[in-house]
Amino acid sequence: MRSAVVAGDALYYRYPGSVAADDVLHGASLAVAAGEIVLVRGHSGSGKTTLLSVLAGLLSPARGTVTVTGTDLGALDRGARARLRLAKVGFVFQRFQLIAALRARENVELVLRAGGVAPRDARRRSLETLDALGLGAKAERYPRELSGGEQQRVAIARALAKCPAVIFADEPTSSLDSSSGAEATALLCALARGNGAAVVIASHDERIAPFVDRIVSVADGRCG
Ligand SMILES: Nc1ncnc2c1ncn2[C@@H]1O[C@H](COP(=O)(O)OP(=O)(O)O)[C@@H](O)[C@H]1O
Ligand SMILES: [Mg+2]
């Protein structure tokens with residue numbers, strides 16, 4: 001396999017306050033190469049969100065290692081891990097988590113600015129990315145003025161705009177009706193592929209399968 005952009009090896013994770021029998025991840029391993037799109041499937045509660053969160057450095061595993069573009073996240077302190085995430089990792093959250101008080105364009109700009117992009121460049125890149133997702137005409141709207149599918153595309157634009165090495169998308173179609181979620185996910189895959197990013201999507205939506213290179217199942221805390 002080409003060298004992995006993100007690699008989790010023998011990961012164990014247990015939520016605080018639970019016991020060993022409740023290990024959510026129990027020796028899970030997954031490596032994803034540049035330009036590769038992987039779909040993570042598994043029943044509700046199987047640990048998909050937990051796996052993505054650990055691979056993205058949002059949760060720290062009890063055991064096992066995660067490397068992102070070759071850097072071992074376990075060797076970094078919180079601040080360094082946050083900076084690495086900002087530079088290398090895009091995350092599309094299940095409920096989008098847009099900032100209600102900011103326009104679509106500003107939601108995307110905020111992440112770019114935090115990563116050190118100059119204001120004018122951040123605005124240009126934000127508008128370009130929203131345009132690529134078909135939202136050029138709605139860039140000045142607030143999240144509440146957008147449909148669910150449009151909010152999802154803003155969340156995707158926010159994750160994509162910084163051209164991260166790896167993008168995670170957690171159940172991107174679950175809070176949307178009809179085909180808008182699958183369409184937006186197809187766009188995410190096409191744009192990420194163009195950038196050579198690694199993509200990890202957690203979903204049980206069969207409509208996503210045609211867009212991906214590989215399907216992995218999570219069960220009993222492991223990836224199969
Ligand atoms: N914050 C939390 N605290 C305690 N247990 C949690 C927490 N989040 C998830 N869990 C538990 O961890 C397991 C895996 O959850 P999750 O990773 O969200 O699964 P999935 O995304 O596949 O539905 C479930 O049993 C769930 O109840
Ligand atoms: Mg989940």
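Every number for a ligand or one of its atoms is a count from 1 in the order of the listing.
Excluding waters, the protein N/O/S atoms found under 2.8 Å from the Mg ion (ligand 2) are Thr49 OG1.
Residues Leu84 and Val89 have side chains not in contact (no heavy-atom distance under 4.5 Å, counting atoms from C-beta outward). Contact annotation: the side chain of Ile201 approaches that of Cys189 to within less than 4.5 Å [non-hydrogen atoms, C-beta and beyond]. Side-chain contact between Leu133 and Leu191: present, with at least one pair of heavy atoms (C-beta onward) separated by less than 4.5 Å. Counting only heavy atoms from C-beta outward, the side chains of Val40 and Leu30 approach each other to under 4.5 Å. Residues Asn107 and Phe96 are not in side-chain contact: their nearest non-hydrogen atoms beyond the backbone lie 4.5 Å or more apart.
A donor atom on one side chain and an acceptor atom on the other are found under 3.5 Å apart for Asp170 and Thr49.
Using a 4.0 Å cut-off between a side-chain N of Lys or Arg and a carboxylate O of Asp or Glu, Glu206 and Arg41 qualify as a salt bridge. The existence of a salt bridge linking Asp205 and Arg207 is confirmed by a sub-4.0 Å separation between a basic side-chain nitrogen and an acidic carboxylate oxygen.
Around ligand 1 you find Tyr15, Val24, His43, Ser44, Gly45, Ser46, Gly47, Lys48, Thr49, Thr50, each with a heavy-atom distance below 4.0 Å.
From Phe168, atom CZ reaches atom OG of Ser53 across 9.0 Å, with rounding to the nearest 0.5 Å.
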